[in-house]
Amino acid sequence: MEEIKIYLERVIGAMGVPADYVPTVRYGVLVVLAFVLAWLAGWICRRFLIPVVLKITRRTDAKWDDVLFSRRVLLSAAHIVPAIVVWALLPLVFYEYPRVAEVVGRLTAIFFTVMAVRTIIVFIDSFKQLENGTRSSRQQYLYSICGVLKIVMIFISVIVVVAIIINKNPTTLFAGLGAASAILMLAFQDTIKGLVAGIRLTANDMLHIGDWITEPKSGANGKVEEITLTMVKVRNFDNTVITLSPQSLVDGSFQNWQGMMENEGRKQVKRVWFDFRSIRVEHPEGEAAPTTNITRFRHHMELWLANNPRVVGSKSPLVKQAETPQASGCCLEFIFWLKAQDALAYEHDTSDIVEYIYGAAREFGLTIYQPGLS
């Protein structure tokens with residue numbers, strides 16, 4: 001460095017610069033030269049190295065390298081190179097002034113730390129692009145882990161920057177934080193609980209984007225639009241949006257209708273009470289054993305439901321005695337699976353079937369139990 005100093009001073013002096021100003025001009029030239037070299041290093045990375053890496057990743061059949069080494073990640077990484085050059089050269093420029101070299105070294109170290117953490121965060125975000133379409137349970141778990149990793153990286157970077165500013169070893173600060181961990185946990189207990197609940201929610205495959213859920217306490221009844229570590233956004237069927245905390249879903253209870261939506265048919269169970277006085281024994285022609293009108297009605301309804309185009313044919317409907325006879329009448333339970341998944345069609349089909357049950361019962365001489373009527 002001393003030889004470069006002497007050579008530059010000779011060149012500057014030969015250009016007619018007064019001797020008193022030669023050191024100042026020399027420092028200026030070296031600083032500009034350091035920044036020019038830093039810019040040149042970054043330009044070489046962006047102009048030559050990044051295209052080469054992108055060309056290599058495109059030639060492979062794997063998808064992960066296209067995502068993890070995307071242009072966005074590589075451009076962010078290219079910003080680290082100038083920081084390294086500046087970090088290495090500027091302290092050498094001011095080697096005659098240790099205090100200035102120290103300050104410049106700290107500033108460049110802070111810049112290097114910030115750019116390095118920014119690159120790591122961009123790299124972590126790239127994991128989210130490994131799957132497209134509806135977010136699977138694996139990808140949701142990956143989202144949760146990525147969120148935690150970003151928080152950890154930002155926290156570490158803040159500690160490192162503070163350590164650089166006060167000229168302390170970062171490990172000393174981390175050790176000191178152990179004593180304050182209880183206070184931090186108390187202050188951020190809601191956030192920590194939300195993070196843990198979000199991880200449990202996604203890791204246990206309890207919820208997905210696009211699932212239809214109902215949560216009685218909050219009035220949520222709609223499709224899940226967004227899942228993060230601290231928030232679940234649900235768009236109700238009336239287009240209102242409800243934001244729930246993962247903690248409330250994990251600690252409480254909610255109903256996920258997605259299993260029903262993905263399977264064939266939606267189960268429906270209806271109960272109807274019949275007046276005992278309308279049940280009678282019959283002797284159908286061609287049959288040796290007597291039967292009852294309510295037995296014939298059960299068999300008729302099972303056959304009618306099995307042939308109903310709105311009912312899933314692969315799942316046999318069942319009409320049976322539901323409970324021990326009570327003062328409220330004889331209870332029949334009708335179990336069947338409707339093809340309709342949409343809420344409106346499902347309710348209409350259910351109503352049509354129940355209304356037919358009421359009407360058909362009269363054809364068999366049965367009376368629906370009505371309290372208060374003798």
Side-chain angles (χ1 to χ4, degrees), residues 128 131 133-152 182-273 312 322-323 328 331 333-351 353-354:
K128 299 178 181 180
E131 295 182 24
T134 303
R135 192 183 302 176
S136 65
S137 59
R138 180 177 63 179
Q139 192 178 12
Q140 290 181 50
Y141 186 70
L142 191 63
Y143 267 58
S144 301
I145 295 300
C146 289
V148 173
L149 289 177
K150 288 195 293 184
I151 293 174
V152 171
I183 300 176
L184 291 175
M185 291 181 66
L186 181 62
F188 298 101
Q189 58 177 330
D190 292 337
T191 303
I192 295 173
K193 288 181 179 178
L195 292 175
V196 175
I199 293 175
R200 288 175 57 191
L201 198 64
T202 54
N204 295 328
D205 200 17
M206 299 168 63
L207 200 61
H208 304 82
I209 296 294
D211 284 3
W212 170 19
I213 68 170
T214 55
E215 205 279 329
K217 290 183 179 180
S218 64
N221 183 14
K223 295 291 185 70
V224 177
E225 286 193 339
E226 185 178 351
I227 301 175
T228 66
L229 286 175
T230 56
M231 177 267 293
V232 175
K233 184 185 293 184
V234 179
R235 181 173 294 276
N236 289 336
F237 292 115
D238 59 0
N239 277 333
T240 58
V241 177
I242 291 182
T243 301
L244 306 172
S245 67
Q247 185 72 26
S248 64
L249 295 178
V250 171
D251 291 344
S253 62
F254 69 97
Q255 194 166 11
N256 192 328
W257 298 88
Q258 197 60 27
M260 176 274 298
M261 298 290 289
E262 294 174 353
N263 291 326
E264 183 185 15
R266 182 173 175 182
K267 187 177 181 180
Q268 181 62 279
V269 179
K270 290 296 182 181
R271 291 182 176 181
V272 180
W273 279 263
V312 178
E323 298 175 351
S328 55
C331 181
E333 190 172 68
F334 300 81
I335 304 173
F336 51 92
W337 284 260
L338 289 174
K339 295 180 179 178
Q341 303 287 1
D342 179 74
L344 183 61
Y346 170 79
E347 294 297 340
H348 283 174
D349 291 350
T350 301
S351 298
I353 291 175
V354 172

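Predicted model only: the values in this text are computed from it and were never measured.
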When rounded to the nearest 0.5 angstrom, what distance separates [atom1] in [X] from [atom2] in [Y]?
X: Y346; Y: R266; atom1: OH; atom2: CZ; answer: 4.5 Å
X: E225; Y: I242; atom1: CD; atom2: CD1; answer: 12.0 Å
X: Q268; Y: L338; atom1: CD; atom2: CG; answer: 6.5 Å
X: K217; Y: L244; atom1: NZ; atom2: CG; answer: 12.0 Å

Cation-pi geometry met for R271 and F334 (6.0 Å, 45°):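 Cation-pi check for R271 and F334: fails.
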
Distance-only donor-acceptor check, side chains E215 and S218, under 3.5 Å: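 Yes, S218 and E215 have a side-chain donor paired with an acceptor closer than 3.5 Å.
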
Pair N236, N221: side-chain N/O donor-acceptor within cut-off below 3.5 Å: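 No, no side-chain donor-acceptor contact under 3.5 Å.
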
For K233 and V241, run side chain to side chain contact (heavy atoms under 4.5 Å, CB included): C-alpha distance rounded to whole Å, both residues' side-chain angles, the deciding distance at 0.1 Å, then the answer. CA-CA 7 Å; K233 184 185 293 184; V241 177; 3.4 Å; yes

Provide the closest heavy-atom pair for R235 versus N239 in the form atom of the first, atom of the second, distance.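 So the two residues come closest at NH1-O, 3.2 Å.
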
Kindly give the heavy-atom pair with the smallest separation between I353 and F336, and that separation in Å.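 Scanning both residues, the minimum pair turns out to be CD1-CE1, 3.7 Å.
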
Whether the side chain of D238 engages the backbone of T240 through a donor-acceptor N/O pair (distance < 3.5 Å, no angle test) should be reported.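 Judged by distance alone, yes, a pair lies under 3.5 Å.
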
Do the side chains of V224 and I213 get nearer than 4.5 Å, heavy atoms only?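 Yes, their side chains come closer than 4.5 Å.
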
Under the side chain to side chain contact (heavy atoms under 4.5 Å, CB included) criterion, do K267 and V269 qualify, and how do the steps go? CA-CA 7 Å; K267 187 177 181 180; V269 179; 3.9 Å; yes

